[in-house]
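Have a look at the structure below, then the notes.
As a basis for the values below, the full set of heavy atoms in this structure was taken, side chains included, without hydrogen atoms, waters or symmetry mates. Letters A, B, ... mirror the listed sequences (proteins, then strands); counts begin at 1. In this text, all values refer to a predicted model and were calculated from it rather than measured experimentally.
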Protein chains: 2
Amino acid sequence: MTTQVGARRISRALRPTGKVLPEHARAHNRSLVLGHLFHSGPSSRADIARSTGLTRVTVSDLVGDLIDEGLVADLGVRSAGKVGKPATLVGMRTEDFVVVAVDLTDDARMLGAVMTLTGDVVARREVPLDGRRGDEAADLLTDLCRDLLAAAPAPVLGIGIASPGVVDADGVVVEAPNRGWYGLPLAARLAQTLGVPVHVANDANTRALGEFTYGGAQDAAMVLTVGQGVGAGLLVDGALVRGRRWAAGEIGHVTVVDDSSSEEPLPCACGRRGCLETVLSAPALRRRVAGLDREAADAALASVGRLLGVTLAPVASALNLAEVLLSGPPELLDGPLREAALATVRERTMPVIGQELDIRMATLDEDASLTGAAVLVLSGQLGVT
Amino acid sequence: MTTQVGARRISRALRPTGKVLPEHARAHNRSLVLGHLFHSGPSSRADIARSTGLTRVTVSDLVGDLIDEGLVADLGVRSAGKVGKPATLVGMRTEDFVVVAVDLTDDARMLGAVMTLTGDVVARREVPLDGRRGDEAADLLTDLCRDLLAAAPAPVLGIGIASPGVVDADGVVVEAPNRGWYGLPLAARLAQTLGVPVHVANDANTRALGEFTYGGAQDAAMVLTVGQGVGAGLLVDGALVRGRRWAAGEIGHVTVVDDSSSEEPLPCACGRRGCLETVLSAPALRRRVAGLDREAADAALASVGRLLGVTLAPVASALNLAEVLLSGPPELLDGPLREAALATVRERTMPVIGQELDIRMATLDEDASLTGAAVLVLSGQLGVT
DNA sequence: TTAGTAAGGAAGGTCTACTAACAAACGTGA
DNA sequence: TCACGTTTGTTAGTAGACCTTCCTTACTAA
């Protein structure tokens with residue numbers, strides 16, 4: 001009797017799965033070492049071995065490579081007096097390399113900076129857009145990057161760009177209406193022109209990355225950015241969610257006010273009515289509280305908080321989020337709005353979801369997008385997140 | 001001048017990152033080969049090499065291992081007449097191994113089955129719970145598994161269990177109120193007792209896995225299960241989302257009807273009012289349409305669809321989902337309800353989100369949970385998804 | 001026949017991380 | 001003070017994993 005083997009085909013959505021070569025494993029372990037040095041500061045090889053689970057021999061080998069490449073430096077003997085042979089410390093040369101970061105969030109100007117690997121800004125540029133769009137805007141960006149590269153006091157690891165709109169994993173701006181960019185291969189074009197690695201991502205996603213790496217965000221978090229519009233970046237298991245068409249986080253145009261609501265749905269720039277942006281964007285919030293006394297303003301902000309809470313409740317439940325970070329004007333967000341949003345989410349979800357969730361302000365300042373853009377480079381070039 | 005290196009510490013939520021050894025890479029590539037054979041059916045070694053990107057030499061080596069282990073069989077020469085030496089086919093021995101799958105979704109009985117690797121049921125068992133809870137229920141489950149193991153006509157790869165409640169990644173049932181299980185290490189206990197690998201996951205999540213592997217679900221999808229209650233499983237980049245406290249997908253108790261709604265919020269078993277379960281569970285839907293004529297029933301189902309659409313819109317926007325699959329009674333779900341839900345999501349989201357999203361019925365039948373439990377084993381033991 | 005093509009295997013090389021063993025440098029306690 | 005244990009980092013050897021190169025086999029096409 002012959003056995004029928006695999007006679008039945010099983011359909012499934014095809015997924016690109018990649019082979020893993022020894023060198024990939026090596027690269028991963030190298031990133032582990034770098035990541036430890038980045039997050040924990042100077043350490044001995046033995047410390048790194050304990051932290052990563054690799055043997056001291058392997059760590060020594062990897063560290064040797066990193067020293068040869070110049071990314072890591074030998075710092076001499078640790079002074080601390082413990083038993084045994086004193087450790088020699090090695091540390092990442094965070095001050096001897098820089099990253100160029102650009103923030104394109106603002107419709108009126110481009111912000112650029114040269115930053116060290118610790119996130120300190122060493123040079124800053126600001127260029128008015130003056131209404132430029134499409135290729136003209138892209139050319140202006142190229143010039144800005146060239147300028148920043150020239151201003152860099154140390155070797156540049158790469159360029160990170162926080163762009164509005166939908167950006168795919170290869171750094172192609174799929175659509176950014178405010179810049180007139182559609183299908184623009186921004187990363188590839190800039191890398192070609194400038195000869196430096198370039199990473200591009202959506203500005204809200206970038207902010208989420210920044211909060212995760214520098215701001216202590218949990219690995220199941222949403223970072224909600226409130227500015228001219230409203231955007232979000234989602235972290236699931238510490239990785240950014242990109243979504244079917246790289247549009248994950250585009251939460252600004254979800255309807256939150258409709259005809260059955262107690263308030264009137266306002267027209268939105270997208271052509272529909274009652275979008276989250278019509279109540280939660282910074283201009284919308286300012287309009288809402290304009291001319292009101294403190295008490296009335298607080299009530300107005302709380303009402304927006306409740307709308308936000310209603311919108312967040314299904315997302316928090318579906319993903320079992322640990323926290324939602326609000327990034328934007330604290331005088332508008334960090335008060336009745338935040339508190340009402342949190343209370344509303346907790347009212348509208350089961351305890352295991354609501355009690356685990358916190359809504360707090362993001363920790364990074366106005367440079368959050370720049371910082372996130374820098375993290376894009378750290379992550380893309382060094383594997384450090 | 002000395003360079004200050006890594007002097008500044010950067011806080012971050014700690015994340016367990018693991019080293020990668022060559023053997024892990026090997027295991028990954030082995031799963032790649034098995035996955036190709038599982039999804040594409042019998043192939044030549046050269047086919048596998050082209051599909052995986054590995055060289056023919058490496059594939060031959062891996063296939064040799066798999067044949068030695070008995071998971072793969074040599075099928076002889078392919079008859080097809082092309083130029084060159086004819087290929088010898090190899091295939092996964094999907095009929096020569098079985099999986100034990102158990103579905104604990106139902107409050108009244110436990111369902112068990114022995115299934116081949118292609119998902120065909122070769123034996124079936126059903127055990128009434130008769131109100132048993134806690135350890136008694138766990139003992140009954142152990143007996144059921146033993147019975148199924150005895151009924152297996154071929155070597156058993158492992159046991160997969162779809163449990164209600166919150167289940168962590170190690171197969172510990174954190175809380176399943178209906179079974180009286182709290183912090184029960186179900187997978188470990190059964191594996192110990194029965195001497196077979198055991199994998200446990202939440203039933204809705206399990207269903208999502210099943211739909212992904214056997215049902216052709218996209219890799220950015222939500223599978224919404226409508227039965228006694230409402231649950232969901234979320235796939236992001238083809239991986240199951242577990243969430244902060246392994247409670248991802250617990251969407252049944254999100255408030256969808258409140259005092260400002262046009263209809264009255266109904267009390268829910270969770271103690272609150274207006275939860276999604278109070279309108280969307282199978283009993284709730286049946287109550288809603290009971291005694292109504294066709295037209296009125298359709299309108300009633302559509303109204304629930306709109307409530308579902310309002311709830312899904314923020315989730316679909318945040319994650320940019322490709323599809324939402326409805327798993328449950330088609331006579332209730334697949335009609336006005338589904339259509340109203342889809343229309344509502346599209347009304348309430350921006351085009352890039354709404355137009356990309358489809359809401360359709362799940363393709364697996366009433367054995368969806370069992371099938372998903374089997375996939376748990378395939379995934380856990382063979383790395384095949 | 002002869003040439004060309006494709007499959008599969010054998011040999012040998014490189015890369016990776018491991019174990020085992022050791023020297024160096026320190027604290028501890030008799 | 002000095003032997004001893006501890007910790008660090010290195011050297012040497014080993015096993016695993018995949019690669020490239022070359023060969024044989026077996027078929028089609030002209």
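- Note: CG (B/L62) to P (D/dC19) measures 9 Å, nearest angstrom.
- Of the candidate nucleotides C/dT16, D/dC18, C/dC18, C/dC18 has the atom nearest to the side chain of A/L54.
- Side-chain atoms of B/V90 and B/L66, non-hydrogen and from C-beta on, never get closer than 4.5 Å to each other.
- Listed pair B/T55 / D/dT20 fails the phosphate criterion, with no side-chain N or O lying under 4.0 Å from OP1 or OP2.
- The residue among A/G53 and A/V77 whose nearest nucleotide of DNA chain C is located toward the 5' end is A/G53.
- Under a 3.5 Å cut-off, the side chain of B/T385 and the backbone N or O of B/T213 do not form any donor-acceptor pair.
- At whole-Å resolution of the value, NE2 in A/H24 and C1' in D/dC19 are 13 Å apart.
- Side-chain contact annotation: B/H36 with B/S43, donor-acceptor N/O pair under 3.5 Å present.
- Atom CZ in B/R26 sits about 13 Å away from atom C1' in D/dC19, given to the nearest Å.
- Inter-residue side-chain proximity for B/D65 and B/R26 is flagged as met; some heavy-atom pair is nearer than 4.5 Å.
- Between the P atom of C/dC15 and the CG atom of A/D65 lies a distance of 11 Å, rounded to the nearest Å.
- Atom-to-atom, CG of A/N29 to C1' of C/dA17 comes out at 9 Å; the value is rounded to the nearest Å.
- B/E23 places its CD atom 9 Å from the P atom of C/dC18, with the value rounded to the nearest Å.
- Paired with B/C145 under the rule side chain to side chain contact (heavy atoms under 4.5 Å, CB included), one option of B/T193, B/L194, B/V198, B/V156 passes, and it is B/L194.
- Spacing between atom CG of B/D61 and atom P of D/dA15 amounts to 17 Å, rounded to whole angstrom units.
- Put simply, CG on B/L21 is 16 Å from P on D/dA15, counting in whole angstrom units.
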I'd like to compare against my own output: the B/S/- annotation of nucleotides 2-13 of chain C with a strict under-4.0 Å heavy-atom distance to protein. ---BBBBSB---
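- A donor-acceptor pair shorter than 3.5 Å can be found between the side chains of B/D47 and B/S44.
- In the displayed structure, A/Q192 atom CD is contacted under 6.0 Å by at most 12 heavy atoms of other residues, nucleotides or ligands.
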